[in-house]
Amino acid sequence: MPELPEVETVVRDLRPRVVGRVIRNITTGPRQLRTPWNDAWNDQLLGHRFLAIRRRGKWIIVELDSGSRLLVHLGMTGQLTAMPATEPQPDHLHLIFALDDESELRFRDVRRFGSARLLADEETLQELFTKAKLGPEPFQLDPGYFRTAVHKANRSLKAILLDQRVVAGVGNIYADEACSRAGLHPGRRGVRLTPAEVDRLRDAILEVIAHAIEHRGSTIRDYIGGSGLRGGFQEEFRVYGRTGEPCKTCGSAISRLVIAGRSSHFCPDCQRMNGRGAKSTSRIVKRSPRE
DNA sequence: ACAGGATCCTGGGGGC
DNA sequence: TGCCCCCAGGATCCTG
């Protein structure tokens, strides 16, 4: 579910609520997550204080005063929230940290694609990211690096954007929205893009992610921020989930195709496989025969 | 090495 | 109301 803007919103919401708090008690749910919770971690956490919370790609990192790092991934339906302990407990709760101000940090995940684990120190965390070859943050995306990364791939733009090794934090929604804003068909092969097109794509990624953060991310169904609030960027979607609805630029019906195994949305006239948009192409030509 | 597909889960919505 | 099928913000295996 959550991509960079949603994870960033969670972190910003949680920061004032958990930083400085001490863990008084830990409760685990009846069902295991993908990464099973190790009960030995409880002893390493109890009585310790949260020093900081930050994000890397779609990962949430909570720093403890012991130097250990709590690493959380929300998967598709994960929710990490902090609220008064008196708030009713929903189902599918997997972790509850009771804090020293009568509040609770809660991890809920219906589909259990998410994970939570404790790492010994910052070095262990960085090793994990290095081993996964986690790519740069979008706001640190060097144009030269990105041109090379896109151009050397004989796969679709959609697959490239979803690859966390190329750029960290982009998911299905913002891949589609970035392609839309760049006027590029998500099925275009990276190797066939011109440098100018790759630069356009990079600009579009930065723009859409910054814009989405301002709106507290997008809520399709499950996503809520660290305070329990929903996102608002779904109102700004140009293509995602708008199959059959008119393109906000040219009025053509938005198309949906499965690309790289994921549902992909685009305007068939503004985002053409041959690289030309509606303005520069005859209206009679509906689809490029190429690719 | 690379690209594409299957797989892990649960629940909601649409069609019948 | 019930059943069946499809769909969903992600990452990781396995295969060719």
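Because only heavy atoms are used, hydrogens play no part in the values below, and waters and symmetry mates are left out as well, while side chains stay in. Residue numbering restarts at 1 for every chain, and letters A, B, ... go by the order of the sequence lines.
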At less than 4.0 Å, is any side-chain N or O atom of A/Arg34 found next to OP1 or OP2 of C/dC13? Yes or no. no

Per nearest nucleotide of DNA chain B, the residue lying toward the 5' end, A/Gly261 or A/Arg165, is A/Arg165

From CZ of A/Arg155 across to P of B/dA1 the rounded distance in Å is 14 Å

Closest to the side chain of A/Lys58, out of C/dG9, C/dG10, B/dA3, is C/dG10

Between CZ of A/Arg108 and P of C/dG9 the distance, given in whole Å, is 18 Å

Q.
Considering every strand and a 4.0 Å limit on heavy-atom distances, what is the contact class for A/Asp109: base, sugar-phosphate, or nothing?
A. nothing

If only side-chain N and O atoms of A/His92 are considered, is one of them under 4.0 Å from the OP1 or OP2 phosphate oxygen of B/dG11? yes

Query - same_hphob_cluster(A/Val150, A/Leu141) at 4.5 Å side-chain heavy-atom cutoff - result: yes

Between CZ of A/Arg188 and C1' of B/dA3 the distance, given in whole Å, is 19 Å

Closest of C/dG9, C/dG10, B/dG4 to the A/Phe113 side chain is C/dG10

Report yes if a side-chain nitrogen or oxygen of A/Gln164 is closer than 4.0 Å to either non-bridging phosphate oxygen (OP1 or OP2) of C/dA11; otherwise report no.
yes

With a 4.0 Å limit, can you tell me whether A/Arg31 has a side-chain N or O closer than that to the phosphate oxygens OP1/OP2 of B/dC9? no

- Message: Looking at A/Lys158 and A/Asp176, is there a salt bridge between them, counting it only when a charged N and a carboxylate O are closer than 4.0 Å?
- Response: yes

Remember a base hit wins even if backbone is also touched, and classify A/Gly171 as base, sugar-phosphate or nothing at under 4.0 Å, heavy atoms.
sugar-phosphate

note: A/Leu33, atom CG; C/dA11, atom C1'; distance rounded to Å ~ 14 Å

Separation of B/dC9 atom P from A/His94 atom NE2, nearest Å, is 12 Å

Please determine whether a side-chain nitrogen or oxygen atom of A/His73 lies at a distance below 4.0 Å from atom OP1 or OP2 of C/dG10.
no

- Look at the aromatic rings of A/His215 and A/Phe233 and report parallel, tilted or perpendicular, splitting at 30° and 60°. perpendicular

Distance only, no hydrogens: is a donor on one side chain within 3.5 Å (strictly under) of an acceptor on the other, for A/Ser218 and A/Tyr174? yes

Check this for me: does any side-chain nitrogen of one of A/Arg147 and A/Asp199 sit under 4.0 Å from a carboxylate oxygen of the other?
yes

Donor-acceptor contacts, no H, no angles, side chain residues 50-63 of chain A, under 3.5 Å, sequence neighbours left out:
{"from": "A/Arg54", "atom 1": "NH1", "to": "A/Glu63", "atom 2": "OE2", "distance (Å)": "2.5"}
{"from": "A/Arg54", "atom 1": "NH2", "to": "A/Glu122", "atom 2": "OE1", "distance (Å)": "3.2"}
{"from": "A/Arg54", "atom 1": "NH2", "to": "A/Glu122", "atom 2": "OE2", "distance (Å)": "2.8"}
{"from": "A/Arg55", "atom 1": "NE", "to": "A/Glu8", "atom 2": "OE1", "distance (Å)": "2.8"}
{"from": "A/Arg55", "atom 1": "NH1", "to": "A/Gly57", "atom 2": "O", "distance (Å)": "3.0"}
{"from": "A/Arg55", "atom 1": "NH1", "to": "A/Glu137", "atom 2": "OE1", "distance (Å)": "2.8"}
{"from": "A/Arg55", "atom 1": "NH2", "to": "A/Glu137", "atom 2": "OE1", "distance (Å)": "2.9"}
{"from": "A/Arg56", "atom 1": "NH1", "to": "A/Gly135", "atom 2": "O", "distance (Å)": "3.1"}
{"from": "A/Arg56", "atom 1": "NH1", "to": "A/Glu137", "atom 2": "OE2", "distance (Å)": "3.0"}
{"from": "A/Arg56", "atom 1": "NH2", "to": "A/Gly135", "atom 2": "O", "distance (Å)": "2.9"}
{"from": "A/Lys58", "atom 1": "NZ", "to": "A/Val170", "atom 2": "O", "distance (Å)": "3.2"}

Given Watson-Crick and G-U pairs under 3.5 Å, DNA chain C in dot-bracket ([ ] crossing, | other strand) is .|||||||.|||||||

Next on the checklist: Assigning hydrophobic clusters by single linkage (Ile, Leu, Val, Met, Phe, Trp, Tyr; side-chain heavy-atom cutoff under 4.5 Å), is A/Leu64 placed with A/Val19?
Outcome noted: yes

Pair A/Arg155 + A/Asp163: basic N to acidic O under 4.0 Å
yes

Atom CD of A/Glu177 and atom C1' of C/dG9 are separated, to the nearest Å, by 13 Å

Worksheet item: Do A/Asp91 and A/Arg108 meet the salt-bridge criterion of a basic N to acidic O distance under 4.0 Å?
Response: yes

* Asked: Any salt bridge between A/Glu6 and A/Arg216, counting N to O under 4.0 Å?
  -> no

Against the side chain of A/Ile173, the closest entry in B/dC8, B/dG4, C/dG9 is C/dG9

Please report the distance separating the P of B/dG13 from the corresponding atom of C/dG9, rounded so that it comes out in whole Å.
16 Å

Separation of B/dA3 atom P from A/Ile259 atom CD1, nearest Å, is 15 Å

In whole angstroms, the gap separating C1' of C/dA11 from CZ of A/Arg112 amounts to 16 Å

Protein and nucleotides 5-8 of chain C: nitrogen or oxygen contacts under 3.5 angstrom:
{"from": "C/dA8", "atom 1": "OP1", "to": "A/Ser263", "atom 2": "OG", "distance (Å)": "2.9"}
{"from": "C/dA8", "atom 1": "N3", "to": "A/Arg111", "atom 2": "NH1", "distance (Å)": "3.1"}

Practice item. Say whether, by atom type as modelled, one donor and one acceptor occur between the side chain of A/Arg200 and the main chain of A/Ala182 under 3.5 angstrom. Key: yes

Taking the P atom of each, how far is B/dC9 from C/dC13, in whole Å? 14 Å

At under 4.0 Å between heavy atoms, what does A/Ala260 touch on the DNA or RNA strands: base, sugar-phosphate, or nothing? nothing

